[in-house]
Amino acid sequence: MTVLKTSLRNFAAHKGRMVLSAVAVLLSVAFVCGTLVFTDTMNTTFDKLFAATGSDVTVSAKSSGGAAGDAPANGRPETVPASAVREAAKARGAADAEGSIASTGVTVVDAKDKNVGPTSGAPTIAGNWTRNDARSMEISSGNAPRGPTEMMVDADTADKHGLELGEELRTITATGDFTAKISGIASFKVTNPGAAIVYFDTETAQRRLLGGTDAFTQISVTAADGVSDAQLKRNVGDALGAGTFKIQTQKESADAGREEVGSFLDVMKYAMLGFAGIALLVGIFLIVNTFSMLVAQRTREIGLMRAIGSSRKQINRSVLLEATLLGIVGSLLGIGAGVGLAVGLMELMGSMGMELSTEDLTVKTATPVIGMVLGVVVTVLAAYLPARRAGKVSPMAALRDAGTPADGKAGLIRGGIGLLLTGGGAVALFMTANADKASDGSMFLGVGVVLTLIGFVVIGPLLAGGLVRMLSVVVLRAFGPVGRMAERNALRNPRRTGATGAALMIGLALVACLSVVGSSMVASATDELDKSVGADFIVQSNTGQGIVPQAEKTMRGSSDLSHVTRYKLVDAKITTPDGKTESKELSAADPTYAKDLRRETVEGDLAAAYGKDAMSVDTEYAKKHKVKLGDTLGVAFKGGETAKLKVAAITSADVTVDMDSRYVNISTVERYLPAERMPQSSMLFAKAEDGKEEAAYAALKDAMKEYPQYAVRDQTDYKEELQNQIGQLLNIVYGLLALAIIVAVLGVVNTLALSVVERTREIGLMRAIGLSRRQLRRMIRLESVVIALFGALLGLGLGMGWGTTAQKLLALEGLGVLEIPWPTIITVFVGSAFVGLFAALVPAFRAGRMNVLTAIATD
């Protein structure tokens, strides 16, 4: 009980000093709990959606994959014959059966040719209005479509784009364009995950989306009273023929949909938890520093406690109990903040088109438990070494001043371990840079990053002396005696300076590494585009949709073009001379593609690969399967016949654009693949007539305005888009890393605040002998700046080393240009100085307000 009372008293006495450490715990726990609540809420939303939209038993094409209505490469979903609806309705235990249509291979535009569906993320789904749809949606105005000139849209899409009854929309499909007026608007009974949904009457949907009136994409079968879904599934299977179709119960359909959505959510979840882990790691430094300084400040107090009978274990337990209290308070606040963060993420997703309702907010029992355990355990572990150090304080320490010097022997051991770890990491990075395979090098890279990071953290106090002096020459010496005092304060306790700088180092090292990797990727891709792309214009969808035939025809009719090249990806199984068969994609293109994309040919002639019954392979594929020029490969096209194609060219695998491609003429594919199975073009390339590039570009963009789902880019546009995509990804990562940097800044604030308290008497004496308040505040600010710059120097140097090494791995994948983003590096370094100034504002203000006499009298 005495230990508990002492811990509670100390915690209450130093509650101001604990606040920033509690904030570090709060932020880390909030990020973890917020991530868990957000992903659990997403799962709940989709579970409700699947439950509301799934029938007792669903029948779909055996070859269909993914969600119902997913458009395959030819732009039309897989179907089941209309006769199967009647057969399923006759199955024992079936109360009803109806055919439904759903296709995601559509684009809906308004009178101004503006896409009214999502342009990223969720799809636009077109189908027929059925009784099953009425379970999840209700008509809020107007009526369901009753003929080929009517359609119905969902309320969210109508609100977002200001659509009203009677407005005419154009639907673009693989079978052609058609227009219809809005006859009704339907509202979701469950949360809309962001998709735009349009409905037509059944006959129109069949004809326009599927190309005929004798098929559906799936059949919804309702069970009669007392018949289980499993039993109905067996009966429907018997009625339709075992193995003829894919037949799923409602649970199986929901599980399949959940698995598909879950793969995306898992990536998001673990990425966010990874950043939370980084923030937690940085927070550990803050907590260690806080308790180390508190123990040092209370050396005399602990010595007196030891003198009056307190044992080492009691002192140790007292400090750990304080850490436990800190962990509990920070974790409780973090759990609450995590729920708020989850709601904020839901609002953010809503602005991006994925509507999530707070009614579905899901806080599982495990979430606060995980947050509490994580916060408390991490805090106690971080405080263990300071607690152990406190337990070693002897009773004689009560006769000495607070803040005894550190153990020199321990410093030497620490330095030796740090050098050993750093050296091991450097060796691993060297092996990464000299690896022959990216898979082997990535393992060495991971080891090198971890070892050098830990090594720099351990060796930080040794580096602090030299680097702080070097920085002081440039930054502090210009401020005269005040600058020198700031330098000596930073050097007074190298362990503290090293730990504070290391917290900032972690976040900035990752920023620098990713900046180097991102810039190198852009520079490499740009260089490859300059060397290999001969086409003037590239047309493709930003959402991965294929290019419909009518858009292709429109492009071909554009003026001032010398040629247009189609590019399709065709699924096939290739059998090599060694007898091995594997599924691969073939890059089917018009012969002009050899001009649009210049590829180095190692053997043969690439133009010959576009000849009759010919193809090409790259050197990696040829080496792996022992394929030689002139060999014949068996190519079984999915949904078509098997061809015997001669290898007429072997291309270099050392490329970035179109890596791992096997080229074949589209006309060759057309002989072995039925027209209805032929995939849509995934990209179109065009070359302008000599001297008419600008006119051709303007004409092409104007011609393609009626198909807004496709972007028309020249080479400059394409490079900018590539840079923007990588830049957006990096900005998201930087935003998440900002959490770790915020925690690191709190560490600087806490270190300065506690050091001000530690030096209260010293500050009073300096003020007494003439140091002004302004000079005192400047001294503390300069100390903060040099500590921040020390951490930035370590982090940026380490990060650039990681990034440069990672680029060596990228070079093995064709990204051979190293680009150091010096403007970003310099901006971050200079920004660190401002971070230091910001962190010192409150500690400097408090130091300047100290009463001189009271400060001198402080023990």
Side-chain angles (χ1 to χ4, degrees), residues 24 28 273-292 374 377-386 388-389 406-407 409-433 441-467 493-514 516-517 737 739-741 743-744 747-748 751 787 790-806:
S28 302
L273 289 177
F275 288 104
I278 294 170
L280 206 60
L281 179 63
V282 173
I284 288 174
F285 288 98
L286 196 162
I287 296 166
V288 169
N289 251 8
T290 298
F291 280 94
S292 294
L374 182 68
V377 169
V378 167
T379 306
V380 171
L381 288 177
Y384 175 74
L385 288 178
R388 190 166 176 269
R389 200 174 299 129
D407 187 354
K409 183 179 179 181
L412 290 175
I413 294 174
R414 177 191 179 109
I417 294 173
L419 287 172
L420 185 64
L421 290 170
T422 304
V427 170
L429 293 178
F430 177 79
M431 295 176 71
T432 302
S442 59
M443 180 182 66
F444 290 122
L445 178 63
V447 172
V449 167
V450 172
L451 289 181
T452 50
L453 177 62
I454 297 174
F456 266 54
V457 169
V458 175
I459 207 174
L462 288 181
L463 297 175
L467 292 180
N493 193 328
R495 179 180 292 177
R496 181 194 305 163
T497 299
T500 306
L504 192 59
M505 173 192 77
I506 295 172
L508 296 185
L510 292 170
V511 168
C513 175
L514 293 171
V516 171
V517 171
L737 283 174
L739 177 66
I741 295 173
V743 175
V748 177
T751 297
I787 291 175
F790 164 68
L793 198 62
L794 287 182
L796 295 176
L798 190 59
M800 284 193 290
W802 292 346
T804 302
T805 306

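Just the heavy atoms: all of them, side chains too, but no hydrogens, waters or symmetry mates, feed the values below.
- With rounding to the nearest 0.5 Å, the separation of CG in Leu510 from CE in Met505 is 9.5 Å.
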Table please: side-chain donor-acceptor pairs of residues 453-464 below 3.5 Å, with sequence neighbours left out.
none

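- The minimum heavy-atom distance between Ala806 and Leu445, with the atom names listed, is CB-CD2, 4.1 Å.
- In terms of heavy-atom proximity, Cys513 sits nearest to Gly803 at SG-N, 3.8 Å.
- Evaluation of the side chain to side chain donor-acceptor pair (under 3.5 Å) rule for Thr379 yields no partner, not counting sequence neighbours.
- Considering every non-hydrogen atom in both Ala512 and Gly795, the closest pair reads CB-O, 4.4 Å.
- Thr497 is linked by a side chain to side chain donor-acceptor pair (under 3.5 Å) to nothing, counting only residues two or more places apart in sequence or in another chain.
- Residues Ala433 and Thr805 share a closest heavy-atom pair of N-CG2, 4.1 Å.
- Remark: Ile284 CD1 to Leu381 CG distance equals 7.5 Å, nearest 0.5 Å.
- The side-chain hydrogen bond (donor to acceptor under 3.5 Å, both in side chains) pairs that include a residue from residues 794-804 are Thr452-Trp802, where partners are two or more places apart or lie in different chains.
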So Val447 and Leu451, side-chain contact (heavy atoms from CB on, under 4.5 Å) or not? Walk me through it. CA-CA 6 Å; Val447 172; Leu451 289 181; 3.7 Å; yes
For a quick test of your reading: what N or O donor-acceptor pairs under 3.5 Å do the side chains of residues 422-431 make, sequence neighbours left out?
from, atom 1, to, atom 2, distance (Å)
Thr422, OG1, Gly418, O, 2.8

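- Applying the side-chain contact (heavy atoms from CB on, under 4.5 Å) rule to Leu374 yields the partners Val32, Leu280, Val378; only residues at least two apart in sequence or on another chain are considered.
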